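Take a look at the structure set out below.
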Amino acid sequence: GTAGYSSEVRVGGTACEASEWVSDSSVLCLHAAGVGAASKTVVVSSGLQSGSLTQGWSYDRPAASSVAVTNGPATGSTSLTVVGSGFGTAGYSSEVRVGGTACEASEWVSDSSVLCLHAAGVDSLTQPISVSSGLQSGSLTQGWSYDRPAASSVAVTNGPATGSTSLTVVGSGFGTAGYSSGVRVGGTA
């Protein structure tokens with residue numbers, strides 16, 4: 001129209017915080033904060049008539065850019081702070097996964113920060129970290145690794161050449177369960 005006839009815009013079923021008629025071909029919408037993967041339909045109403053545009057709006061995907069702690073013990077329960085953007089303006093069921101495994105607990109802190117209580121495990125490879133907010137996710141490659149296992153002493157330091165001697169290796173980072181640990185003595189398993 002040629003004047004502002006109570007123009008209103010809705011995005012994905014949610015009314016804009018404010019709508020302002022600009023011209024016959026333009027209406028300004030101040031859209032509310034949120035998260036979501038699917039493109040949303042935009043509906044413009046002017047007077048008693050309306051028109052729509054499918055897949056007219058979507059939120060930016062979350063993006064993980066760094067982790068405050070990049071490695072930790074195999075015993076787990078390490079608190080990670082994932083830093084990035086697009087995590088939303090409220091706790092939209094943010095979830096953090098490290099190497100495909102969900103954190104024991106995830107807590108939304110802000111649009112740029114999510115906390116993760118990481119589980120126990122062992123792996124020599126650096127793991128990716130992904131953050132989901134709403135139905136979208138973003139990831140950071142090579143974001144986390146477990147501390148390497150370290151042997152500090154051996155309870156029995158010598159034995160017969162015939163073998164079959166039990167050794168107790170003491171150290172750290174061996175994990176919280178039998179993760180296929182292996183010991184080599186002088187290069188022999």
Side-chain angles (χ1 to χ4, degrees), residues 11-14 16-17 30-40 57-157 166-185 187 189:
V11 179
T14 302
C16 292
E17 292 177 352
L30 179 60
H31 187 50
V35 295
S39 293
K40 299 181 183 324
W57 171 262
S58 65
Y59 292 101
D60 292 338
R61 288 181 144 333
S65 58
S66 66
V67 182
V69 177
T70 58
N71 70 307
T75 55
S77 296
T78 303
S79 183
L80 311 175
T81 300
V82 181
V83 178
S85 62
F87 302 153
T89 58
Y92 290 103
S93 303
S94 293
E95 178 184 69
V96 179
R97 297 182 81 76
V98 179
T101 302
C103 291
E104 292 174 359
S106 296
E107 181 181 347
W108 176 89
V109 176
S110 69
D111 181 57
S112 60
S113 181
V114 176
L115 290 177
C116 159
L117 184 61
H118 187 45
V122 293
D123 198 330
S124 62
L125 303 174
T126 304
Q127 302 291 313
I129 294 178
S130 68
V131 177
S132 298
S133 186
L135 299 174
Q136 296 191 88
S137 65
S139 63
L140 172 67
T141 58
Q142 299 185 347
W144 170 262
S145 64
Y146 289 103
D147 292 339
R148 297 190 127 188
S152 58
S153 66
V154 178
V156 177
T157 58
S166 291
L167 307 176
T168 299
V169 180
V170 179
S172 63
F174 302 149
T176 58
Y179 290 105
S180 303
S181 296
V183 176
R184 291 188 178 273
V185 178

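Just so it is clear, the structure is predicted and the values come from calculations on it, not from any experiment.
Listed for the Ser152 side chain is a donor-acceptor partner under 3.5 Å among the backbone atoms of Val170. Within the 3.5 Å criterion, the main-chain N or O of Ala68 finds no donor-acceptor partner in the side chain of Thr81. Looking at Thr141, its side chain never comes within 3.5 Å of a backbone N or O of Pro128 through a donor-acceptor pair.
Between the OG atom of Ser110 and the CZ atom of Phe87 there is a distance of 8.0 Å, given to the nearest 0.5 Å. With rounding to the nearest 0.5 angstrom, the NE2 atom of His118 is 7.0 Å from the OG1 atom of Thr101. Atom CD in Glu107 sits 11.5 Å away from atom SG in Cys116 (nearest 0.5 Å). Taking OG1 of Thr70 as the reference point, atom CD of Gln127 lies at 13.0 Å (rounded to 0.5 Å). Atoms CZ and OG, from Arg97 and Ser139 in turn, are 12.5 Å apart once rounded to the nearest 0.5 Å.
Leu80 places none of its side-chain heavy atoms less than 4.5 Å from the side chain of Val96. Between Cys16 and Val11, some side-chain heavy-atom pair lies under the 4.5 Å cut-off. Counting only heavy atoms from C-beta outward, the side chains of Leu140 and Val82 never approach each other to under 4.5 Å.
Scanning both residues, Glu104 and Ala119, for their nearest heavy atoms gives OE2-CA, 3.4 Å. When every heavy atom of Gly72 is checked against every heavy atom of Thr78, the shortest pair comes out as CA-OG1, 4.3 Å. Contact record, Val156 with Ser166: CG2-O, 3.8 Å, taken as the closest heavy-atom pair.
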